[in-house]
Amino acid sequence: MDTGKHQLEQLFAQLGLDNDVTAIKVFLARHWLEPQQALADAPFWSVAQADFLRQALASDAEWAEAVDELAALLSQK
């Protein structure tokens with residue numbers, strides 16, 4: 001069981017996305033959430049990515065903090 005604190009970079013890697021600082025900044029500039037849209041419901045995720053995000057939040061998994069951070073960043077548009 002992975003009990004370490006996951007950072008945003010690790011979340012991006014877990015989602016199969018480029019996870020260097022520049023790639024994350026580009027992703028955040030190109031994607032956003034509509035008002036009241038749940039992170040996992042955004043159209044830019046694959047089915048597997050959306051399922052992972054839902055499960056991370058539903059189970060209050062170790063990933064939940066990083067998932068919440070990503071949602072907050074994508075909601076700042």
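Both backbone and side-chain heavy atoms feed into the values below; hydrogens, waters and symmetry mates do not.
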Given Leu8, which of Asn19, Val67, Leu73 fulfils the side chain to side chain contact (heavy atoms under 4.5 Å, CB included) condition?
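Among the candidates, only Leu73 passes.
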
Spacing of [atom1] belonging to [X] relative to [atom2] belonging to [Y], to within rounding of 0.5 Å:
| X | Y | atom1 | atom2 | answer |
| --- | --- | --- | --- | --- |
| Asp41 | Glu34 | CG | CD | 12.0 Å |
| Asp18 | Phe27 | CG | CZ | 11.0 Å |
| Gln49 | Phe12 | CD | CZ | 10.0 Å |
| Glu65 | Asp60 | CD | CG | 10.0 Å |
| Ser75 | Leu39 | OG | CG | 8.0 Å |

Over all heavy atoms of both residues, which pair between [X] and [Y] is shortest? Give the atoms and the distance, please.
| X | Y | value |
| --- | --- | --- |
| Gln37 | Trp32 | OE1-O, 4.3 Å |
| Leu33 | Ala71 | CD1-O, 3.8 Å |
| Ala40 | Ala50 | O-CB, 3.4 Å |

If you group Ile, Leu, Val, Met, Phe, Trp and Tyr by side-chain heavy-atom gaps below 4.5 Å, do Leu17 and Ile24 land in one group?
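As far as the 4.5 Å side-chain criterion goes, Ile24 and Leu17 are connected within one cluster.
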
State plainly whether one hydrophobic cluster holds both Phe52 and Phe44, where clusters connect Ile, Leu, Val, Met, Phe, Trp and Tyr through side-chain heavy atoms under 4.5 angstrom apart.
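Cluster IDs for Phe52 and Phe44 match.
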
A quick test of your reading: do over 12 heavy atoms of other residues, nucleotides or ligands sit less than 6.0 Å from CG of Asp51?
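Enclosed: over 12 neighbouring heavy atoms sit under 6.0 Å from CG of Asp51.
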
